[in-house]
Amino acid sequence: MKAIVILISGRGSNMEALLAAVVRGELPVRIAAVISNRPDAKGLETAAAQGLPTAVVDHKGYAGREAFDAALAACIDGYAPDLVVLAGFMRILTEDFVRHYEGRLLNIHPSLLPSFPGLHTHQRALEEGVRIHGCTVHFVTPALDHGPVVVQAAVPVLDSDDEAALAARVLQQEHIVYPLAVRWFAEGRLRLEGGRVRLDAERPQPPALISP
Ligand code: GAR
């Protein structure tokens with residue numbers, strides 16, 4: 001069974017969704033550790049309460065990105081994971097770090113990339129007046145919130161939406177597509193080949209989402 005390490009910075013709801021899928025028997029991976037760059041990340045408590053190994057590599061203890069990323073990589077590699085899963089890990093990563101994990105580093109981002117990389121994605125989607133928004137799971141490249149797309153889920157933007165309502169609708173989809181993408185990887189169906197995603201899996205063919 002493949003081992004994964006999950007990196008978080010805060011709430012950890014995506015981490016919880018992954019763990020829940022493991023517990024339900026729907027995700028054949030061993031969660032080797034949950035690592036945070038913030039000692040006060042709420043998700044760390046949740047992980048520890050569920051019996052998962054946890055670790056903290058506090059970015060404040062390092063002089064620069066290179067030193068922090070080297071320490072983080074050493075911590076991760078101590079668990080020898082097959083896959084590293086960024087789940088709300090809010091740090092810009094150095095090129096060396098990203099290259100070290102090439103093809104085995106996934107991220108989830110709360111927008112339909114390449115739209116709205118960075119922060120405040122839901123507010124920006126509302127301000128732009130887009131009618132369809134969503135989330136993206138992608139392999140990580142050195143550019144922020146960028147890389148070959150594995151899976152996206154789209155949701156309508158409703159006239160009644162505020163940032164919280166839209167964020168909640170997207171988050172619900174995050175909790176579905178991230179376990180799915182990690183399962184594909186765990187089953188050997190998903191890989192990065194020459195910078196492109198290769199996916200050998202049954203895929204639903206939903207009708208188009210038309211909004212409004
Ligand atoms: C999620 O919405 C995730 O997509 C986002 O942070 C949130 C973490 O929530 N990630 C990014 O913005 C990465 N650029 P969680 O801690 O409850 O999983």
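Order of appearance sets the numbers: ligands from 1, and atoms from 1 within every ligand.
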Under 4.0 Å between a Lys/Arg side-chain N and an Asp/Glu carboxylate O for [X] and [Y]?
X	Y	value
Asp40	Arg38	yes
Glu128	Arg124	no
Asp96	Arg65	no

Subset of ligand 1 atoms that lie under 4.0 Å from at least one heavy atom of Arg11: 9 (O), 15 (P), 16 (O), 17 (O)
Of Leu44, Leu72, Ile6, Ile8, the residue whose pairing with Ile35 passes side-chain contact (heavy atoms from CB on, under 4.5 Å): Leu72
4.0 Å heavy-atom contact, Ile8 with ligand 1: no
Test item, Met90 contacting ligand 1 (heavy atom, 4.0 angstrom): yes
Test of ring centre spacing under 6.0 Å for His133 and His122: yes
Residue and atom name of the nearest protein heavy atom (relative to [atom]), distance in Å to one decimal:
atom	value
atom 12 (O) of ligand 1	Pro110 CD, 3.3 Å
atom 10 (N) of ligand 1	Ile108 O, 3.5 Å
atom 1 (C) of ligand 1	Glu174 OE1, 3.2 Å
atom 6 (O) of ligand 1	Gly88 CA, 3.7 Å
atom 15 (P) of ligand 1	Ser13 N, 3.3 Å

Test item: Leu93 and Tyr101 side chains (from C-beta on) under 4.5 Å apart, heavy atoms: no
NZ or CZ of Arg91 within 45° of Phe68 ring axis and under 6.0 Å: yes
Min N/O separation Gly12 to ligand 1 under 3.5 Å: yes
Ligand 1-proximal atoms of Asp145, by part, heavy-atom distance under 4.0 Å: side chain
